[in-house]
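Treat the numbers as computed from the prediction; the structure is a model and nothing was measured. Letters A, B, ... are given to chains in the order of the sequence lines, protein chains preceding strands, and every chain is numbered from 1.
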Amino acid sequence: MNDTGEHNHLDQQDVGPTEAGLSRRDFLRTSGAAATVAALAEVPAALAEEAPAQSPAKAIGPEPVQLTLDVNGAAMTTYVEPRVTLLDALRNYLDVTGCKRVCDRGTCGACTVMVDGKPIYSCTLLALEAEGKKIKTAESLIDGGKLDAVPAAFVKHDAQQCGFCTPGFVVAMRAAFDQNPNATPAEIEEALSGNICRCGTYQQMRDAIVALCKNQPGLGTRKKEG
Amino acid sequence: MATSWPKKRRLIGAKVQRLDGPAKATGKAKYSYDINRKGMLHAVLLRCPYAHAKIKSLDTAAAEKMSGVKAIHPIKKVGEELFWAGEEILGLAADTEEHALDAVRAVKIEYEVLPHLVKEEDALKNDPQTVSPVGGKRNNVLAAKEAASQGFEKGMADAAVTVEGSYGVPTICHQCLESHGLVAEWNANGELTVWASTQAVTATAAILAGHFRIPANKVKCITHYMGGGFGSKFGPDIQGIVAAELARKANAPVKLMLDRASEITAGGCRPSAYGKVKIGATKDGKVTAYEVDCYGTPGVGLSDTVTFNALPYVYPFEHKRKHVRIRTNTQLQRAMRAPNHPQNCALTEFILDDLAAKLEMDPMQLRLKNLPQNDPNAMQNAPHSLPALRHTIYTREIEIAAALSKWKEKWHPPGKTPGIIKHGIGMALHTWTGQAVPQRNECTVIISADGSVTARTSSQDLGTGQRTVTALVTAEILGLEPEQITLQFGESPNGASSGSGGSTTVPSQAPATLRAATAARDDLFAKIAPKLSAKAEDLVIERGKVVDRASGKSWDWKKACAALGEEKAQATGFWTAAESNKPENKDVSSSGVGGVQIAEVLVDTETGVVRCTQIVAVQDCGMVVNRLTCESQVAGGVIMGLNYALFEERIMDRVTGRQVNPDMEFYKLGGIEDMPKILVYLHDMPERGVIGVGEPPVISTHAAIGNAIFNALGVRVPHTPFTPERVLAALAAKGGGQ
């Protein structure tokens, strides 16, 4: 959000729907941030409090609301409080546990999933914001025992030890190759710079990256490797 | 009966892919953190925010009424004293994690805040007595341990050259990616099952059974996958006990995994070590005496922060040593990957390069002059022991490391490269034990009539590849492939095992597996021989088949096993330190390794940024079992050691008494782009038998990097991590980098 003109208009008009289908105004209201924004914009407090009454916008939460997510091609429905992150919705409510909770604040990458093809930290997105989007986790990278080329390279080159960071790395790397099938090893490494491994598997990960980059034609089209 | 490894080895020593690799890489592997049970509650802990305080009042009435709250378990009572920020006060379970977090915030608690001390150097000026009483005394500074060898005074007097320096390593955190914790579930018969993130499956079950005063066979601990421990996960801990208490109170399964800040502030840390070191030598570089006066903090605990009897490290110098433990209002230190050896290594290896510089010697030559000699007694009585081989091993490993790193071409006198970005190369040595433990370790191998084979143990795979080692050894003996072995791992009822610490798991478990597979094979031969019209003693295994040496007939594995009919062939093997020491079992497992690392760096003298460009790691571990995962262990150790060198430090705030970086953005760990090229060379010595390798490769990396920085700058950066700030400060103290 910029700090120039946008705040001044928040009180008078909606700034359009957010990606999750909620208007930004609704989102701010339900997340408790509206008061802060109003104060920043120097709107009298009384006026700010009146604003919701004048607006037809629907407030949601704090009680659980229905949530339907498209996870690895399956529609999954549950009820979560609006404050629940995508990561926690997947792990605690839908039993999709390939994405791991480690730092829980957008630093380590262990919770990386693809949302509409983009790698994101699922701990930094509210579950409600992910509705209507295609979510892919590491679990999607094996199909009836047939491994996708990326996890297959991790296995072949032993690019994992305890394995807790691995699904996050695998998803981030898969997304990087999807975005650029002709990526160089250095570009793949850059795409992995938001992921942290504690056991120290980077050397073997590099071996896997080099091998994958050599087989680039197979990667962009998601051809599977045995 | 004597135990020995097969003379001809097909799988042992080869590269075998991790059998659980696909499950882990695709997120299908279920870690303890991933266990979701029907009706499961989520629990959180309330922790003390002060480094030292007394609880004045505690009121949970409001919290109990909060939505979804099912149980509260008190840990501390009103009037009790708390000694570090993060100490556990109570546990609370609710239907959702969100409700649990809301409710714990509703606990009303008042503290009487007391004086604290969190920085060890502060205690040296004035002991404020802020810790729990020991023998009625609250001293932060404990009495010094002191010792000297007989020849020390003479050695220092005889020295033609002496060098002094101050060196140190800070407290660092284990930072396990899967945090500590477990899921606890009681059944109607009063039996407890826990899915625990632990390095010690059987001990975790036993401690819980002890806590609840129930028979050991009423508690089952399961650890199928484990997301990092590094020495910090040897039991249920307080959070595991509280989870089981809450589960019993609420009559529902409870998950309690630490959040990140708790993981870092309460889940374990490696103690610090800072010391003044003095070394004396002859003009040609023979060290005559070594003196160290060091201190460190074990947190609220009492343990040493160095391995006192192994100072100096590796080199047998005449010595005088002093160590002071400083108790602080910080979490209790825990074992961390080769406990206290990195500290010893820093306090020994840094000054060797400073001495070499003063003598204008190549530090590799200095080390070669001062290596420990092979012990003549050991050469007679235990020719494959480290004392019998240490000079031979280190000399050979230095030679290999020198060749791989091109030391002769690349080494230059310290600080003698031109330009702003300076190149440096440095080395360091290490040692570790890594032998079978005294406790019994068991493995059971079962062969069924359909030819399927199961290997079963309670031992755990922390990501070291233990599962694959068990399959590989079983497959080697039975002529099969590792993926043909079904593994039942990490469940406490599966027999005796010990915790995975001290690099002891492979040397304790692999011989047990060898014995189990061999005895199961013999049981198979005894049971099928009559049906195959053969004598059991004539039957042998070849790859994929059973062969009758008398008749020359052979049966493929499945056909041979089919002759078992209704029966199974089965055996349990065990191993202990005592078994390892029996003459008839010699060279099955052994103890004691060396190891040499050489690091190269580029140091920007304007910004202070250090970039490590290459590390050569030469490591022995007796007989290599799985070359693939063994190399991974060594490379992983090097990377962890690089993190120690360049990034990791727990930073405590003197005023609030809290850690200011209990996270992953300000507690730094390297990413893939920070990594140097790593060359791993396994110095295989199969004649020595199996020795553990998990810990040794982490020990000397920070010392090698520190010495490489010294070589680049000609200036010692005395304390890890070697941050830009510290590099610039060291340069400024010596009057700039040029």
task: Sort B:I672 into side chain, backbone, both or neither according to what part of it lies under 4.5 angstrom from a heavy atom of chain A.
output: both
message: Ignoring hydrogens, what is the shortest heavy-atom contact between B:A25 and A:F154? Give both atom names and the distance.
response: CB-CB, 4.4 Å
message: For A:F169, which atoms come within 4.5 Å of any heavy atom of chain B: side chain, backbone, both, or neither?
response: neither
- prompt: Of the listed residues (B:V698, B:D34, B:D20, B:I639), which shares the most heavy-atom pairs with chain A below a 4.5 Å separation?
  reply: B:D34
- prompt: Based on non-hydrogen pairs under 4.5 Å, which of B:R337, B:H174, B:M40 is most in contact with chain A?
  reply: B:H174
- request: Walk me through it: do A:K100 and B:L177 pass the test side chain to side chain contact (heavy atoms under 4.5 Å, CB included)?
  value: CA-CA 9 Å; A:K100 307 299 184 193; B:L177 294 196; over 6 Å; no
field: Sole residue of B:V634, B:L679, B:I678, B:V680 in side chain to side chain contact (heavy atoms under 4.5 Å, CB included) with A:Q203
entry: B:I678
message: Whether the side chain of A:R206 engages the backbone of B:M675 through a donor-acceptor N/O pair (distance < 3.5 Å, no angle test) should be reported.
response: yes
message: When you measure from the side chain of A:R105 to the backbone of B:D663, do you find a donor-acceptor pair of N or O atoms at a distance under 3.5 Å?
response: no
task: Report the option among B:V638, B:D461, B:D674, B:L669 that has the most heavy-atom pairs separated by less than 4.5 Å from atoms of chain A.
output: B:L669
task: Side chain from CB out, backbone as N, CA, C, O: work out which of these in B:S632 comes under 4.5 Å of a heavy atom of chain A, or both, or neither.
output: both
- prompt: In terms of heavy-atom proximity below 4.5 Å to chain A, should B:S67 be classed as side chain, backbone, both, or neither?
  reply: neither
task: Please identify each residue that fulfils side chain to side chain donor-acceptor pair (under 3.5 Å) with B:E97, with sequence neighbours left out.
output: A:N92, A:R101
task: Using non-hydrogen atoms and a 4.5 Å limit, figure out which bit of A:E189 sits close to chain B: side chain, backbone, both or neither.
output: both
field: Max heavy-atom pair count under 4.5 Å with chain B, selected residue of A:H157, A:R91, A:E190
entry: A:R91
statement: Bottom line for B:Y33: the part with an atom under 4.5 Å from chain A's heavy atoms is both
field: Spatial distance of atom CG (A:D158) from atom CG (B:N626) [nearest 0.5 Å]
entry: 7.5 Å
query: Counting distance only, does the side-chain N/O of B:Q175 pair as donor-acceptor with the main-chain N or O of A:R198 below 3.5 Å?
result: no
Contact origin within B:K677 toward chain A - heavy atom pairs under 4.5 Å: backbone
task: To the nearest 0.5 Å, tell me how far A:C108 SG sits from B:E665 CD.
output: 10.0 Å
message: Can you tell me which portion of B:D102 sits under 4.5 Å from chain A's heavy atoms? Options are side chain, backbone, both or neither.
response: side chain
message: Determine whether a donor-acceptor pair (N or O, by modelled atom type, separation under 3.5 Å) exists between the side chain of B:K24 and the backbone of A:Q161.
response: yes
query: Closest approach of B:P22 and A:V155, non-hydrogen atoms and distance?
result: N-CG2, 3.5 Å
- prompt: Under a 4.5 Å heavy-atom cut-off, does chain A meet the side chain of B:E648, its backbone, both or neither?
  reply: side chain
Closest heavy-atom pair and its distance - B:R260, A:V102: NE-O, 3.0 Å
- prompt: Can you say whether B:H42 sits under 4.5 Å from chain A via the side chain, the backbone, both, or neither, judging by heavy atoms?
  reply: side chain
query: Is it the side chain or the backbone of B:A29 that comes within 4.5 Å of chain A heavy atoms, both, or neither?
result: backbone
field: Engaged part of A:T97 at the chain B interface, taking heavy atoms whose separation is under 4.5 Å
entry: both
query: So which of A:S193, A:G109, A:C103, A:G98 has the biggest tally of heavy-atom pairs under 4.5 Å with chain B?
result: A:C103
Options B:E98, B:E631, B:Q17, ranked by heavy-atom pairs under 4.5 Å with chain A, top entry: B:E98
- prompt: Taking all non-hydrogen atoms of both residues, which atom of B:G27 and which atom of A:A138 are closest, and how far apart?
  reply: N-CB, 4.1 Å
- prompt: Among B:G463, B:P676, B:G465, which residue forms the greatest number of heavy-atom pairs with chain A at distances under 4.5 Å?
  reply: B:G463
- request: Name the region of B:Q633, side chain, backbone, both or neither, that has any atom closer than 4.5 Å to a heavy atom of chain A.
  value: both
query: For chain A, which of B:T629, B:N36, B:I35 has the most heavy-atom pairs under 4.5 Å?
result: B:N36
- prompt: Hey, does the side chain of B:Y31 reach the backbone of A:C162 with a donor-acceptor pair shorter than 3.5 angstrom?
  reply: yes
query: So which part of B:N643 gets closer than 4.5 Å to some heavy atom of chain A, the side chain, the backbone, both or neither?
result: side chain
- prompt: Highest number of heavy-atom pairs under 4.5 Å with chain B: which of A:V170, A:N195, A:I142?
  reply: A:I142
query: In terms of heavy-atom proximity below 4.5 Å to chain B, should A:D95 be classed as side chain, backbone, both, or neither?
result: both
